[in-house]
Engineer: 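For reference, the structure I am asking about is given below.
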Amino acid sequence: MSSVEELSQLFADVGFEEAKVKEIVKNKKVAHSLEELVREAGARAEWDKGKRALLHTLASSLKGATVTGQNLVAEGIRSGELKTSLQVDAALKYVKRAGEGATVAEMHAESGVGVQVTEDQVQARVVQYLEENRAKIESERYKLVPGIFAQIKALPELKWADPRLFKPIIDREVLKILGPKDERDVVKKEKKKEPKTNDKKKAAVEEAPKRTMFSEGFLGDLHKVGENPQAYPELMVEHLKATGGKVHTRFPPEPNGYLHIGHSKAIMVNFGYAKHHGGVCYLRFDDTNPEAEAPEYFESIERMVAWLGFSPWKITYSSDYFDQLYELAEVLIKNGKGYICHCTAEEIRRGRGIKEDGTPGGERLPCAHRERPIEENLAEFRNMRDGKYAPGEAILRMKQDLSSPSPQMWDLVAYRVLNAPHPRTGSKWRIYPTYDFTHCLVDSLENITHSLCTAEFYLSRESYEWLCDQVHVFRPAQREYGRLNITGTVLSKRKIAKLVHEKYVRGWDDPRLFTLEAIRRRGVPPGAILSFINTLGVTTSTTNIQVVRFESAIRKYLEDTTARLMFVLDPIEVIVDNLPEDYEELVSIPYRPGTPEFGERTVPFSKRFYIERSDFSEDTSDKEFFRLTPAQSVGLIKVPYTIAFKSLERDANGKITRIHAHYENDTPDGKPRKPKTYIQWVPIAPRHGSPIPVAETRVYNQLFTSENPSGDPADINPYSEVIYPSAVVEHNFRHVVSNSPWVVESAKQSEFYVPEEHDRKEVCRFQAMRVGYFTLDKDSTHDRIILNRIVSLKDGSK
């Protein structure tokens, strides 16, 4: 990029005023983009004030990035074809999407070039809108006017109108209905008593609205019920009667696999948004492909929604609406917007302009059957229904717009023939609707007010609204947010299935995977997931989160909600030679230091106990090792005196089997020595039932060695599951298990606290000192304990 002086001169040459030039060069990213655009465009004398402003708008959107096709947008501004910032934004979105295939003609079509909306047309549509909403305007008067501006400007037929036309027309027409403002329009403010100075801060905190993902960002900006535009306004009246003005959302999974971590965001967005606004949310199974569906998927999805703490208002199935969907398909045909196609899949691809190498951009050609008569299409569709065609011989396609730049308007498939019985409708149907046909229409039939889906469905919005309008049904508002991805793992059903079927993992719920079943088995609390998603918020951009960041959020949640226990992963026995065999000293240890709500437990200190093998070293020269060595004493947690090394016992292979120590309660002054550190220990005290042996302790690490794995089994981390066969835990573990879930009162009051079933093993969580957070695995039995490590105590990514 050029120097500040060179940029200043360049922008001045284009015609930017001195003050504006100073403002632009302060932002390096915008200045870089503007420099690129100016140098590419040339002909500087042609940049009048309005064009300069639009060019600056384009540079501000690019923010230093270089986008293929940005020169097309700049040329559109220079030539005067793109006249408003709205058109510039639309043109930029198009070239980003089209990439190398972008054309001037398609960009113009996408950004409304040549679309003329006259002042008379704006006037007529404003008058129509105000008349349709006259009763509400007369009752709420001028306080409704700011909302009217936004709603009218959002009307599709006024999208490309000059924004300067709206205010004078709306002001004039509202005045005709309401007359001048009077005392009814004066907002009287109550005079509040000034709080005392020392109370101001407290009052401000108490009065500030609680910030959540539902009140800010993408979700905070969503339309209110009834504000989404309709091609047929009378349908909105019926819709509002059906919903009572309440938010209606849906979570619509396909029951062809297990849900993964990304779905937890979709569940929280849909159920949480409805709950936040006092509305309702459906759990709707999109069961339109009986060849891929299985009962265990239905059961697991319902179980995972409940595990995350949400209760569906109703559980429905797309198959509930097969009869109505069929009727609407016939309506589509009768309206001349559906036709029966006999093309092969390859012929359809070529007709959509897909080249032999699989890239788009070729010439789009209409299907040979596209113009067949309505009656013939209707008869053929009924032949499909009646089993006269085999799969692949006939499909129902929507007659959309092949000239549209959006692939979602290139005559999508609406119905296809499948020789597969349906688990709910049996053999009644031989034809099944596609997702593109089903989703929007079932949203309409269920009166969904906010059809919230992930950003990959952005292009589907046009076909979604088009289809609703063609069959004359209420048009829900589809809005798209960015999905949640976790890096360092795979979420693809196909890739996970390969790992499961080839026995690289224990199953779909293997704790190393990121299916929700696996995350649950690992012991991650649902409240930790919901809190984590809330901190991320919801935007239109995909959220790519590293595994370590997700684990950090789990760790933080568990820190406040689990009891601590002494736990030794790789035990070595210590015998205190100077204590009698029957010696016992009960020490009191809090379950969570600093949290009295958890209470305390007693642990017997006696002649024999276990310590972690790594807490002893024969090397006396390591100045950074502060635990037990032949030359260094160590403290035991809550035990009054230190212990000192005396001797070792080894097995035939030279492995240390026992350490003999001395209890230093015989100091000259009777006072305990100050050790460099304290270590944990687990007593050997059969009278107290200690220790409790752990048959298997499974310590989990990242499944793949690559940061962005492909799912190749050769990339599996050989240390992704490390099993310790002889760990021991203190006897108070029994108390923790019997009192699970162990949650303090303050946590129960959290917005994201989720009551869990007491009979599930993974709710028995505890913090093993210095080792990590653990839970019981589902394979555990009464006499065989198997533990899963949920997460380590600290980020071990380094």
Engineer: Arg592: what forms a salt bridge (charged side-chain N to carboxylate O under 4.0 Å, His left out) with it, not counting sequence neighbours?
Structural biologist: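 With sequence neighbours excluded, Arg592 shows a salt bridge (charged side-chain N to carboxylate O under 4.0 Å, His left out) to no residue whatsoever.
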Engineer: Using modelled atom types and a 3.5 Å cut-off, is there a donor and acceptor pairing between side-chain atoms of Glu618 and backbone atoms of Pro630?
Structural biologist: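 Side chain of Glu618 to backbone of Pro630: no pair is present.
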Engineer: If the threshold is 4.0 Å, N to carboxylate O, is there a salt bridge linking Asp510 and Lys503?
Structural biologist: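 Salt bridge absent between Asp510 and Lys503.
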Engineer: Within the distance-only criterion (no hydrogens, no angle test), does the side chain of Asn788 pair as donor or acceptor with the backbone N or O of Ile790 below 3.5 angstrom?
Structural biologist: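 Answer holds: no.
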Engineer: Report yes or no: does Glu216 contribute a side-chain atom to a donor-acceptor pair with the main-chain N or O of Val538 at less than 3.5 Å?
Structural biologist: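 Here the side-chain-to-backbone pair does not exist.
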Engineer: Suppose we screen for ring pair (Phe, Tyr, Trp, His ring centres under 6.0 Å). Which residues come up paired with Tyr481, at least two apart in sequence or across chains?
Structural biologist: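 Result, ring pair (Phe, Tyr, Trp, His ring centres under 6.0 Å) vs Tyr481: none returned.
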Engineer: Answer yes or no: does atom OH of Tyr583 have more than 12 heavy-atom neighbours from other residues, nucleotides or ligands under 6.0 Å?
Structural biologist: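 Enclosed: over 12 neighbouring heavy atoms sit under 6.0 Å from OH of Tyr583.
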Engineer: Is there a side-chain hydrogen bond (donor to acceptor under 3.5 Å, both in side chains) between Thr487 and Glu707? Walk through the geometry before answering.
Structural biologist: CA-CA 7 Å; Thr487 64; Glu707 183 61 25; 3.2 Å; yes
Engineer: Is the ring pair Phe609/Trp681 parallel, tilted or perpendicular, if the boundaries are 30 and 60 degrees?
Structural biologist: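 Ring orientation of Phe609 relative to Trp681: perpendicular.
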Engineer: Going through the distances and angles, do Ser319 and Asp287 end up as a side-chain hydrogen bond (donor to acceptor under 3.5 Å, both in side chains)?
Structural biologist: CA-CA 6 Å; Ser319 57; Asp287 57 340; 2.6 Å; yes
Engineer: Listed by chain and number, what are the salt bridge (charged side-chain N to carboxylate O under 4.0 Å, His left out) partners of Asp570, not counting sequence neighbours?
Structural biologist: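 Counting only residues at least two positions away or on another chain, Asp570 forms a salt bridge (charged side-chain N to carboxylate O under 4.0 Å, His left out) with Arg613.
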Engineer: Is the cationic atom of Arg555 (NZ for Lys, CZ for Arg) positioned less than 6.0 Å from the six-membered ring centroid of Tyr773 and within 45 degrees of its normal?
Structural biologist: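 Judged by the rule (NZ or CZ under 6.0 Å from the ring centre, within 45° of its axis), Arg555 is not positioned above Tyr773.
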Engineer: At what distance, to the nearest 0.5 angstrom, does CD1 of Ile519 lie from CD1 of Ile261?
Structural biologist: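 Interatomic distance, Ile519 CD1 to Ile261 CD1, rounded to 0.5 Å: 4.0 Å.
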Engineer: So which pairs with a foot in residues 634-665 pass ring-ring contact (aromatic ring centres under 6.0 Å, His included), sequence neighbours left out?
Structural biologist: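 Qualifying pairs: Phe605-Tyr663, Phe616-Phe645, Tyr641-Tyr663.
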Engineer: Could I get the full list of side-chain hydrogen bond (donor to acceptor under 3.5 Å, both in side chains) partners for Arg522, not counting sequence neighbours?
Structural biologist: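 Residues passing side-chain hydrogen bond (donor to acceptor under 3.5 Å, both in side chains) with Arg522: none at all.
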Engineer: Give, for atom CD of Glu585 and atom CG of Leu579, the distance between the pair rounded to the nearest 0.5 Å.
Structural biologist: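 Separation between the atoms: 9.0 Å.
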Engineer: Checking Ser706 against Asn708: is there a side-chain donor and acceptor pair closer than 3.5 Å?
Structural biologist: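 Note: Asn708 and Ser706 side chains miss the donor-acceptor criterion.
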Engineer: I'd like to know if the side chain of Asp651 pairs up with that of Thr657 as donor and acceptor (distance under 3.5 Å, no hydrogens or angles considered).
Structural biologist: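 Judged by distance alone, the side chains do not pair up.
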Engineer: If the test is side-chain contact (heavy atoms from CB on, under 4.5 Å), which one of Leu636, Ile637, Val603 qualifies with Val587?
Structural biologist: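 Considering Leu636, Ile637, Val603, a side-chain contact (heavy atoms from CB on, under 4.5 Å) with Val587 is found only for Val603.
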Engineer: Spell out, as yes or no, whether a donor-acceptor pair under 3.5 Å connects the side chain of Ser531 to the backbone of Ala528.
Structural biologist: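 The answer is no, because no donor-acceptor pair under 3.5 Å joins these two groups.
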Engineer: Checking Glu517 against Thr515: is there a side-chain donor and acceptor pair closer than 3.5 Å?
Structural biologist: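 Judged by distance alone, the side chains do not pair up.
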Engineer: What pairs with Glu612 under salt bridge (charged side-chain N to carboxylate O under 4.0 Å, His left out), at least two apart in sequence or on another chain?
Structural biologist: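 Scan of Glu612 (salt bridge (charged side-chain N to carboxylate O under 4.0 Å, His left out), adjacent residues dropped) gives none.
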Engineer: Give every residue pair that meets the ring-ring contact (aromatic ring centres under 6.0 Å, His included) criterion with at least one member in residues 692-718, sequence neighbours excluded.
Structural biologist: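 Of all non-adjacent pairs touching residues 692-718, none passes ring-ring contact (aromatic ring centres under 6.0 Å, His included).
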Engineer: Less than 3.5 Å apart, any donor N or O on the side chain of Thr705 or Asn717 sitting next to an acceptor on the other?
Structural biologist: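 Judged by distance alone, the side chains do not pair up.
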Engineer: With sequence neighbours excluded, give me every ring-ring contact (aromatic ring centres under 6.0 Å, His included) pair touching residues 506-550.
Structural biologist: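 Matches after skipping sequence neighbours: Tyr258-Trp508, Phe532-Phe550.
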Engineer: Enumerate the residue pairs fulfilling side-chain hydrogen bond (donor to acceptor under 3.5 Å, both in side chains) with a member in residues 259-269, sequence neighbours excluded, ordered by first and then second residue.
Structural biologist: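 Listed by first then second residue: nothing to list.
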Engineer: Check whether more than 12 heavy atoms from other residues, nucleotides or ligands sit under 6.0 Å from atom NZ of Lys646, and answer yes or no.
Structural biologist: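 Not more than 12 within 6.0 Å, no.
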Engineer: Judged by atom type as modelled, is there a donor-acceptor pair below 3.5 Å linking the side chain of Arg250 to the main-chain atoms of Leu283?
Structural biologist: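 No; judged by distance alone, with no hydrogens or angles, the pair does not exist.
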Engineer: State the CG-CD1 distance between Leu536 and Ile545, to the nearest 0.5 angstrom.
Structural biologist: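 Reported to 0.5 Å precision, the distance equals 4.5 Å.
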Engineer: For Phe598, is there any backbone N or O sitting under 3.5 Å from a side-chain donor or acceptor partner on Thr595?
Structural biologist: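 Judged by distance alone, no pair lies under 3.5 Å.
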Engineer: When you measure from the side chain of Lys607 to the backbone N and O of Pro580, does any donor-acceptor pair fall under 3.5 Å?
Structural biologist: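 Here the side-chain-to-backbone pair does not exist.
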Engineer: Is the number of heavy atoms from other residues, nucleotides or ligands under 6.0 Å of Glu649 CD greater than 12?
Structural biologist: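 Counting neighbours around CD of Glu649, more than 12 heavy atoms of other residues, nucleotides or ligands fall under 6.0 Å, so yes.
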Engineer: Hey, is the main chain of Ala497 close enough, under 3.5 Å, to the side chain of His501 for a donor-acceptor pair?
Structural biologist: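 Between the backbone of Ala497 and the side chain of His501 there is a qualifying donor-acceptor contact (under 3.5 Å).
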Engineer: What residues form a side-chain hydrogen bond (donor to acceptor under 3.5 Å, both in side chains) with Glu664, not counting sequence neighbours?
Structural biologist: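 Partners of Glu664 by the side-chain hydrogen bond (donor to acceptor under 3.5 Å, both in side chains) criterion, ordered by chain and then number, come out as Ser633, Thr642, Arg673.
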Engineer: Look only at the side chain of Gln680 and the backbone of Phe567, and say whether a donor-acceptor pair between them is shorter than 3.5 Å.
Structural biologist: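 Checking the backbone N and O of Phe567 against the side chain of Gln680, a donor-acceptor pair under 3.5 Å is found.
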Engineer: Kindly write out the residues that satisfy side-chain hydrogen bond (donor to acceptor under 3.5 Å, both in side chains) with Glu302, not counting sequence neighbours, or none if the list is empty.
Structural biologist: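 Per chain and number, Glu302 pairs via side-chain hydrogen bond (donor to acceptor under 3.5 Å, both in side chains) with no residue.
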Engineer: For Gly689, does its backbone N or O pair with a side-chain atom of Arg734 as donor and acceptor, under 3.5 Å?
Structural biologist: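 Pair found, side chain donor or acceptor close to backbone of Gly689.
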Engineer: Quick one: list whatever passes ring pair (Phe, Tyr, Trp, His ring centres under 6.0 Å) with Phe457, sequence neighbours left out.
Structural biologist: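 Expected list: Tyr435.
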